Amino acid sequence: MEGVSPGEQGSAKQGMAEPPFQAESWALPTEHAEAEDFSSEPLAQRLKSNDLSRRCSAYADAQAKMEADSGDEIFTLFGAYAETALAETLPKGQDAALNALVAYLKHCPGIDQRKDVLPWVRKLAEHKSIDKPKMQQLAPAVVLLIAEIAECPAVLQELTNCLSDLEAAKKKNAGFLKKQ
(Lines give C-alpha, C1' and ligand atoms only; values in the text may rest on other atoms or scores of the structure.)
Protein backbone atom coordinates (compact mmCIF):
# COMPACT_ATOMS: atom_id res chain seq x y z
CA MET A 1 0.00 0.00 0.00
CA GLU A 2 1.82 3.00 -1.27
CA GLY A 3 1.59 6.30 0.64
CA VAL A 4 0.56 4.60 3.84
CA SER A 5 2.94 4.32 6.78
CA PRO A 6 3.71 0.87 8.22
CA GLY A 7 1.53 1.55 11.29
CA GLU A 8 -1.45 2.59 9.16
CA GLN A 9 -0.90 -0.39 6.87
CA GLY A 10 -1.46 -2.81 9.75
CA SER A 11 -4.64 -1.04 10.86
CA ALA A 12 -5.93 -0.95 7.27
CA LYS A 13 -5.43 -4.72 7.00
CA GLN A 14 -7.13 -5.30 10.38
CA GLY A 15 -10.19 -3.36 9.20
CA MET A 16 -10.73 -5.71 6.26
CA ALA A 17 -13.74 -7.94 6.81
CA GLU A 18 -13.00 -10.46 4.05
CA PRO A 19 -9.81 -12.44 3.49
CA PRO A 20 -7.77 -11.46 0.46
CA PHE A 21 -8.76 -12.97 -2.91
CA GLN A 22 -7.27 -16.38 -3.61
CA ALA A 23 -7.66 -17.51 -7.21
CA GLU A 24 -7.13 -21.19 -6.48
CA SER A 25 -10.05 -21.30 -4.01
CA TRP A 26 -12.69 -21.28 -6.74
CA ALA A 27 -13.04 -22.06 -10.41
CA LEU A 28 -15.44 -21.16 -13.16
CA PRO A 29 -17.33 -24.01 -14.76
CA THR A 30 -15.66 -24.93 -18.01
CA GLU A 31 -17.41 -25.53 -21.29
CA HIS A 32 -16.02 -29.04 -21.32
CA ALA A 33 -17.01 -29.93 -17.80
CA GLU A 34 -16.66 -33.57 -16.82
CA ALA A 35 -19.45 -35.43 -18.60
CA GLU A 36 -21.71 -37.50 -16.42
CA ASP A 37 -21.25 -41.24 -16.89
CA PHE A 38 -24.47 -43.00 -17.88
CA SER A 39 -22.82 -46.24 -19.02
CA SER A 40 -24.28 -48.17 -16.07
CA GLU A 41 -27.79 -47.60 -17.47
CA PRO A 42 -29.14 -49.94 -20.16
CA LEU A 43 -28.42 -48.75 -23.71
CA ALA A 44 -32.05 -49.07 -24.84
CA GLN A 45 -33.21 -46.93 -21.91
CA ARG A 46 -30.68 -44.22 -22.75
CA LEU A 47 -31.58 -44.26 -26.47
CA LYS A 48 -35.21 -43.50 -25.70
CA SER A 49 -34.47 -41.01 -22.91
CA ASN A 50 -35.71 -37.43 -23.05
CA ASP A 51 -32.37 -36.31 -21.59
CA LEU A 52 -29.99 -35.22 -24.36
CA SER A 53 -26.87 -36.16 -22.38
CA ARG A 54 -28.16 -39.69 -21.87
CA ARG A 55 -28.98 -40.08 -25.56
CA CYS A 56 -25.57 -38.72 -26.58
CA SER A 57 -23.92 -41.18 -24.20
CA ALA A 58 -25.97 -43.98 -25.74
CA TYR A 59 -25.10 -42.91 -29.30
CA ALA A 60 -21.39 -42.84 -28.43
CA ASP A 61 -21.55 -46.27 -26.77
CA ALA A 62 -23.54 -47.72 -29.68
CA GLN A 63 -21.06 -46.28 -32.18
CA ALA A 64 -18.13 -47.80 -30.29
CA LYS A 65 -19.83 -51.21 -30.12
CA MET A 66 -20.73 -51.13 -33.82
CA GLU A 67 -17.18 -50.19 -34.80
CA ALA A 68 -15.81 -52.93 -32.53
CA ASP A 69 -18.03 -55.49 -34.26
CA SER A 70 -19.58 -56.72 -31.04
CA GLY A 71 -22.36 -58.77 -32.64
CA ASP A 72 -25.70 -58.33 -34.36
CA GLU A 73 -27.56 -57.35 -31.19
CA ILE A 74 -26.23 -53.77 -31.19
CA PHE A 75 -27.28 -53.30 -34.81
CA THR A 76 -30.79 -54.55 -34.09
CA LEU A 77 -31.05 -52.25 -31.07
CA PHE A 78 -29.69 -49.18 -32.82
CA GLY A 79 -31.76 -49.88 -35.94
CA ALA A 80 -34.88 -49.59 -33.81
CA TYR A 81 -33.83 -46.07 -32.79
CA ALA A 82 -32.43 -44.87 -36.14
CA GLU A 83 -35.48 -42.67 -36.75
CA THR A 84 -34.93 -41.03 -33.36
CA ALA A 85 -31.29 -40.43 -34.25
CA LEU A 86 -32.33 -38.78 -37.52
CA ALA A 87 -34.75 -36.50 -35.67
CA GLU A 88 -32.16 -34.95 -33.32
CA THR A 89 -32.37 -31.16 -33.56
CA LEU A 90 -29.63 -29.88 -31.26
CA PRO A 91 -26.04 -29.83 -32.59
CA LYS A 92 -24.69 -31.97 -29.74
CA GLY A 93 -27.36 -34.60 -30.38
CA GLN A 94 -26.92 -34.45 -34.15
CA ASP A 95 -23.19 -34.93 -33.83
CA ALA A 96 -23.50 -38.04 -31.66
CA ALA A 97 -26.54 -39.47 -33.48
CA LEU A 98 -25.32 -39.05 -37.04
CA ASN A 99 -21.85 -40.37 -36.20
CA ALA A 100 -23.50 -43.45 -34.71
CA LEU A 101 -25.71 -43.70 -37.81
CA VAL A 102 -22.61 -43.62 -40.02
CA ALA A 103 -21.13 -46.49 -37.98
CA TYR A 104 -24.42 -48.36 -38.35
CA LEU A 105 -24.49 -47.89 -42.13
CA LYS A 106 -20.82 -48.90 -42.49
CA HIS A 107 -20.79 -51.96 -40.24
CA CYS A 108 -24.31 -53.41 -40.07
CA PRO A 109 -24.35 -56.98 -41.39
CA GLY A 110 -26.68 -57.36 -44.36
CA ILE A 111 -27.22 -53.60 -44.68
CA ASP A 112 -26.65 -53.82 -48.44
CA GLN A 113 -29.86 -55.87 -48.79
CA ARG A 114 -31.94 -53.36 -46.85
CA LYS A 115 -34.00 -50.89 -48.81
CA ASP A 116 -35.68 -49.32 -45.79
CA VAL A 117 -32.74 -46.92 -45.39
CA LEU A 118 -33.73 -44.95 -48.52
CA PRO A 119 -36.44 -42.88 -46.73
CA TRP A 120 -33.71 -41.61 -44.40
CA VAL A 121 -32.45 -39.43 -47.27
CA ARG A 122 -35.79 -37.61 -47.32
CA LYS A 123 -35.75 -37.30 -43.52
CA LEU A 124 -32.37 -35.60 -43.71
CA ALA A 125 -33.36 -33.36 -46.64
CA GLU A 126 -36.54 -32.25 -44.87
CA HIS A 127 -34.86 -31.88 -41.47
CA LYS A 128 -35.60 -28.51 -39.92
CA SER A 129 -31.90 -28.05 -39.06
CA ILE A 130 -30.52 -28.83 -42.53
CA ASP A 131 -29.51 -25.19 -42.94
CA LYS A 132 -27.37 -25.29 -39.77
CA PRO A 133 -23.60 -25.89 -40.04
CA LYS A 134 -23.51 -29.04 -37.87
CA MET A 135 -26.18 -30.77 -39.93
CA GLN A 136 -24.60 -29.66 -43.22
CA GLN A 137 -21.31 -31.11 -41.99
CA LEU A 138 -22.75 -34.48 -40.92
CA ALA A 139 -25.64 -35.22 -43.31
CA PRO A 140 -23.60 -35.75 -46.53
CA ALA A 141 -21.73 -38.72 -45.04
CA VAL A 142 -25.03 -40.41 -44.21
CA VAL A 143 -26.50 -39.65 -47.65
CA LEU A 144 -23.40 -41.01 -49.41
CA LEU A 145 -23.48 -44.23 -47.39
CA ILE A 146 -27.16 -44.65 -48.21
CA ALA A 147 -26.29 -44.02 -51.87
CA GLU A 148 -23.85 -46.95 -51.70
CA ILE A 149 -26.46 -49.18 -50.08
CA ALA A 150 -29.60 -48.24 -52.01
CA GLU A 151 -27.85 -47.48 -55.31
CA CYS A 152 -27.19 -43.92 -56.32
CA PRO A 153 -30.04 -43.43 -58.84
CA ALA A 154 -32.63 -44.24 -56.17
CA VAL A 155 -31.06 -41.76 -53.73
CA LEU A 156 -30.95 -39.02 -56.36
CA GLN A 157 -34.57 -39.77 -57.26
CA GLU A 158 -35.58 -39.54 -53.59
CA LEU A 159 -33.80 -36.18 -53.20
CA THR A 160 -35.34 -34.87 -56.43
CA ASN A 161 -38.82 -35.98 -55.37
CA CYS A 162 -38.38 -34.42 -51.96
CA LEU A 163 -37.28 -31.06 -53.39
CA SER A 164 -40.12 -31.14 -55.94
CA ASP A 165 -42.67 -31.88 -53.23
CA LEU A 166 -41.35 -29.06 -51.07
CA GLU A 167 -41.47 -26.62 -53.96
CA ALA A 168 -44.95 -27.71 -54.97
CA ALA A 169 -46.21 -27.32 -51.43
CA LYS A 170 -44.60 -23.87 -51.20
CA LYS A 171 -42.96 -24.83 -47.91
CA LYS A 172 -40.17 -22.32 -48.23
CA ASN A 173 -39.40 -22.72 -44.54
CA ALA A 174 -38.62 -26.43 -44.67
CA GLY A 175 -35.42 -28.33 -45.33
CA PHE A 176 -33.14 -27.29 -48.17
CA LEU A 177 -35.40 -24.42 -49.23
CA LYS A 178 -35.26 -22.73 -45.82
CA LYS A 179 -33.70 -19.26 -45.84
CA GLN A 180 -32.69 -19.45 -49.48
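Keep in mind that this is a model prediction, so the values were computed, not measured. Atom set for the values below is all heavy atoms of this structure, side chains included, hydrogens, waters and symmetry mates excluded.
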Exercise for the section: Taking all heavy atoms of Ile146 and all of Leu118, pick out the closest pair and write down the distance. Expected result: CG2-CA, 4.2 Å
Problem - Backbone of Asp95 reached by a side-chain donor or acceptor of Asn99 within 3.5 Å - result: yes
Practice task
Taking all heavy atoms of Phe38 and all of Ser57, pick out the closest pair and write down the distance.
Solution key: CB-OG, 3.8 Å
Problem - CG on Leu43 to OH on Tyr81, rounded to 0.5 Å - result: 9.0 Å
Handout entry: Distance (rounded to the nearest 0.5 Å) between Thr89 OG1 and Lys132 NZ
Key = 10.5 Å
Practice task
For Met135 and Ser129, work out which heavy atoms get closest and say how close.
Solution key: CB-O, 3.2 Å
Problem - Gln63 side chain near Val102 side chain, heavy-atom distance below 4.5 Å - result: no
Handout entry: Student check: side-chain heavy atoms of Leu101 and Leu145 closer than 4.5 Å
Key = no
Fill in the blank from the handout: Ala85 and Ala97 have their tightest heavy-atom pair at O-CB, 3.4 Å
Practice task
With the side chain counted from C-beta on, respond yes when Thr84 and Leu47 share a heavy-atom pair under 4.5 Å apart, and no when they do not.
Solution key: no
Exercise for the section: Using atom types as modelled and distance alone, determine if a side-chain donor or acceptor of Arg55 lies under 3.5 Å from a backbone N or O of Ser49. Expected result: yes
Handout entry: Greater than 12 external heavy atoms within 6.0 Å of Asp51's CG
Key = yes
Handout entry: Heavy-atom pair with the smallest gap, counting every atom of Ala125 and Ile130
Key = O-CG2, 4.1 Å
Exercise for the section: With the side chain counted from C-beta on, respond yes when Val121 and Val142 share a heavy-atom pair under 4.5 Å apart, and no when they do not. Expected result: no
Fill in the blank from the handout: So CG of Leu105 and CE of Met66: to nearest 0.5 Å the spacing works out to 9.0 Å
Exercise for the section: Rounded to the nearest 0.5 Å, what's the gap from OH on Tyr59 to CD on Glu88? Could you check? Expected result: 3.5 Å
Exercise for the section: Kindly assign one of parallel, tilted or perpendicular to the pair Tyr104 and Phe78, based on the angle between their ring planes and the thresholds 30° and 60°. Expected result: tilted
Practice task
Indicate yes or no: at least one non-hydrogen side-chain atom of His127 is less than 4.5 angstrom from one of Gln94.
Solution key: yes
Completion exercise
Result for side-chain contact (heavy atoms from CB on, under 4.5 Å) between Trp120 and one of Ile149, Val143, Leu86 points to Leu86
Problem - Identified salt bridge (Lys or Arg N to Asp or Glu O under 4.0 Å) counterpart of Glu41 within the set Arg54, Lys48, Arg46 - result: Arg54
Fill in the blank from the handout: Minimal heavy-atom distance between Ala44 and Leu77, with the atoms involved, is CB-CD1, 3.7 Å
